[in-house]
Amino acid sequence: MTVVGLDDTDSRETGMCTTYAAADLAERIRDAGGTVERLLLVRLNPAVEHKTRGNAALAVHTDLDADRAAPLARETLDLAQTDDPKTNPGAVVADCAPDGVPARVADFALDAIREIQDPTTATLLADTAGFARFQRGDGRGLVGALAAVGAWSALSDWTYEHIAYREPERWGSDRCVDAESVRAAADSRYPAVWDTVDRASGYPVCVPRTPCPILYGIRGDDPDACRAVADAIESEPVDRRATFVTNQGTDVHLQDGTVETVADDSAYRIDGTVAAAPETREGGHVFLSVADGGERPEGSRVPADPGSDGDARLQCAAFEPTKRFRDRVRALRVGDRVTVCGEVADGTLKLEKFAVRELVRTEPATPTCPDCGGTMSSAGRGQGYRCRDCSTSADGKVDRPIERDLEPGWYEVPPVARRHISKPLVRGGFDGMTHPER
Ligand code: ZN
């Protein structure tokens, strides 16, 4: 078996795309008499800024000998538009089975999804493993190429994307896809197929806006259902199509963290307590802070002055493009126990989803008089409360119920704002109730 990893053949300006390059390589391999067992689309760390938005790397699993696959991989790199200085493609050809790569290469794959890796490490590791490698530009693409080689061994949760490509002469022009047929097809196969359409806005999430060769990509847990949805879409002619096995929709980028230990450019799942109430700022972005730990602050159920103690805080944000998700974030209150998930950049966690673990249900209030119903007044420091008119008294504040329009469980951004690698709640497997967006 041979595994060919490819990365960074994307170019914003000229519309090349790594999935297209992989589909093209698969065709060359078949033309050379090989069988393509699997096309792998691996989403790497979404925090890597110098990459195009998706940060995708690709692997082709084939029975063609590595010696014969290598020149084909090199030709594929030449497809990449290296005139674009931001495009630095790389390819790695491994002469082993996809699940037989060295453990260090598998570890490298997971690291490239969760942290930031450098080309030097990738080069050394590929050479140590005895893999052939090819690069153009500064070789940054070797990182993704090697990660794509190691991914099959490193990961266990996989989904599918069926991608239809445009005729080359149409690249860069407006796409012709019938939105109604997309909606109907998506509805008929949900939830085996997800993130096809954003139902609230009607936006066809499966149709990209970039000048890349992709006409649409149908994602889901069942490759046949993805294919069936694609078949039902009315559109301009499809030039070629391919089904990818992918780590999209798996949350594999998230690592368990704490408010104290998070670092920029990685993504985390953190248990905490809301320490500063949600606040909507200019541009419609919503911010709140969480403090570490699953326990509520000492003393009253609602901390009196959440800004005053020395606990570490992590600012979390739901940005404007997350749309209705912001209403769920705004509904949080100080003292709620939550789990927040998202990438940390500039010390702020960009919320992708959160779980409500326990809601604050009451707040301390001045008691009311049982006789006249009026609000009691303080009887003096430490003396409780009393009603002067009725001579009734109470020992202290009482718990007044708060109306909450949140329930325990997981909430997520809508499909239109989902990161490729984020797991839609509808896929299941979450610890708690879920409130899926579709
Ligand atoms: Zn009274």
Side-chain angles (χ1 to χ4, degrees), residues 17-20 22-23 26-27 35-43 54 56 58-61 98 151-152 155-166 175-208 212-252 352-353 410 412-430 434-438:
C17 150
T18 308
T19 72
Y20 186 84
E27 213 157 280
T35 302
V36 173
E37 184 183 330
R38 195 180 293 112
L39 290 173
L40 214 58
L41 163 53
V42 181
R43 295 290 177 177
L58 275 293
V60 181
H61 297 173
W152 189 251
L155 309 181
S156 54
D157 188 13
W158 297 100
T159 67
Y160 299 88
E161 179 164 1
H162 182 84
I163 298 181
Y165 296 97
R166 316 183 69 194
R175 289 172 177 79
C176 183
V177 178
D178 179 61
E180 193 42 54
S181 71
V182 175
R183 276 192 283 275
D187 271 357
S188 72
R189 295 292 179 143
Y190 183 86
V193 167
W194 30 259
D195 287 2
T196 317
V197 175
D198 186 81
R199 288 188 19 136
S201 63
Y203 188 83
V205 180
C206 63
V207 181
C212 75
I214 295 177
L215 183 57
Y216 50 78
I218 309 300
R219 299 175 181 189
D221 282 289
D222 176 355
D224 296 331
C226 293
R227 171 82 192 214
V229 167
D231 286 344
I233 292 175
E234 288 162 29
S235 72
E236 66 184 54
V238 170
D239 184 56
R240 61 168 75 171
R241 48 206 300 174
T243 297
F244 294 87
V245 184
T246 172
N247 67 339
Q248 290 170 165
T250 64
D251 272 351
V252 70
E352 296 169 12
K353 56 170 63 81
W410 286 93
E412 65 183 351
V413 301
V416 72
R418 185 124 47 223
R419 313 200 84 159
H420 299 294
I421 200 166
S422 288
K423 182 175 176 177
L425 295 178
V426 72
R427 289 199 63 222
F430 290 87
T434 55
H435 308 276
E437 284 284 344
R438 61 180 287 197

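Atoms considered below: every heavy atom in the structure, side chains included; atoms not considered: hydrogens, waters and symmetry mates.
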| request: Take Ile214 and Thr19 through the test side chain to side chain contact (heavy atoms under 4.5 Å, CB included) and record every step on the way to the result. | output: CA-CA 9 Å; Ile214 295 177; Thr19 72; 3.8 Å; yes
Nearest-0.5 Å distance that lies between atom [atom1] in [X] and atom [atom2] in [Y]:
{"X": "Arg219", "Y": "Thr246", "atom1": "CZ", "atom2": "OG1", "answer": "7.0 Å"}
{"X": "Asn247", "Y": "Ile421", "atom1": "CG", "atom2": "CD1", "answer": "4.5 Å"}
{"X": "Ile163", "Y": "Leu41", "atom1": "CD1", "atom2": "CG", "answer": "6.0 Å"}
{"X": "Gln248", "Y": "His420", "atom1": "CD", "atom2": "NE2", "answer": "6.5 Å"}

To check you understand the geometry: which heavy-atom pair defines the closest contact between Thr159 and Gly220, and what is its length?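 Taking every non-hydrogen atom into account, CB-O, 3.5 Å.
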Query - Nearest non-hydrogen partners of Val426 and Pro191, listed with the distance - result: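 Closest heavy-atom pair between Val426 and Pro191: CG2-CB, 3.3 Å.
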Among all residues two or more places apart in sequence or in another chain, which pass the salt bridge (Lys or Arg N to Asp or Glu O under 4.0 Å) test with [X]?
{"X": "Arg38", "value": "none"}
{"X": "Asp222", "value": "none"}
{"X": "Arg175", "value": "none"}
{"X": "Glu37", "value": "none"}

Partners meeting side chain to side chain contact (heavy atoms under 4.5 Å, CB included) with [X] (sequence neighbours left out):
{"X": "Ser201", "value": "Asp198, Tyr203"}
{"X": "Glu234", "value": "Asp178, Ser181"}
{"X": "Asp195", "value": "Pro415, Arg418, Pro424"}
{"X": "Asp251", "value": "His253, Leu254, Lys353, Ser422, Lys423, Phe430"}

| query | Is there a side chain to side chain contact (heavy atoms under 4.5 Å, CB included) between Glu27 and Arg240 once you walk through the steps? | reply | CA-CA 10 Å; Glu27 213 157 280; Arg240 61 168 75 171; 3.4 Å; yes
Are any of the side-chain heavy atoms of Ser235 and Leu215 separated by less than 4.5 Å?
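They are in side-chain contact.
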Worksheet entry | Any side-chain heavy-atom pair of Val60 and Val36 under 4.5 Å |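 Val60 reaches Val36 side chain to side chain.
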Between Asp239 (side chain only) and Tyr165 (backbone N and O only), is there a donor and an acceptor less than 3.5 Å apart?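 No, Asp239 side chain to Tyr165 backbone: no donor-acceptor pair under 3.5 Å.
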- Is a donor on one side and an acceptor on the other found under 3.5 Å between the side chain of Tyr20 and the backbone of Cys212?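 Not a single qualifying donor-acceptor pair exists.
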- Item | With sequence neighbours excluded, residues passing ring-ring contact (aromatic ring centres under 6.0 Å, His included) with Trp152 |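 Testing Trp152 for ring-ring contact (aromatic ring centres under 6.0 Å, His included), a comparison that skips the adjacent residues, returns His61, Trp158.
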Item to complete: Please identify each residue that fulfils ring-ring contact (aromatic ring centres under 6.0 Å, His included) with Tyr160, with sequence neighbours left out.
Response: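 Scan of Tyr160 (ring-ring contact (aromatic ring centres under 6.0 Å, His included), adjacent residues dropped) gives none.
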Please walk me through it: do Arg427 and Thr250 pass side chain to side chain contact (heavy atoms under 4.5 Å, CB included)? CA-CA 9 Å; Arg427 289 199 63 222; Thr250 64; 3.9 Å; yes
Under 3.5 Å, which donor-acceptor pairs link side chains of residues 224-231 to any protein atom two or more places apart or in another chain?
unit_1 : atom_1 : unit_2 : atom_2 : d
Asp231 : OD1    : Arg241 : NH2    : 2.8

side-chain hydrogen bond (donor to acceptor under 3.5 Å, both in side chains) against Thr243, all qualifying residues, sequence neighbours excluded =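 For Thr243, the residues satisfying side-chain hydrogen bond (donor to acceptor under 3.5 Å, both in side chains) (neighbours in sequence not counted) are His162.
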Report yes or no: do Thr196 and Tyr190 form a side-chain donor-acceptor pair below 3.5 Å?
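No, because no side-chain N or O of Thr196 sits under 3.5 Å from a partner of the opposite role on Tyr190.
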- State whether Asp187 and Arg438 are salt-bridged, where the test is any N-O pair (Lys NZ or Arg NE/NH1/NH2 against Asp/Glu carboxylate O) under 4.0 Å.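 Judged by the 4.0 Å cut-off on N to carboxylate O distance, Asp187 and Arg438 do form a salt bridge.
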Query raised in the report: Checking side chain to side chain contact (heavy atoms under 4.5 Å, CB included) for the pair Ile233/Ile218: CA distance, chi angles, key distance, verdict?
Result: CA-CA 10 Å; Ile233 292 175; Ile218 309 300; 3.7 Å; yes
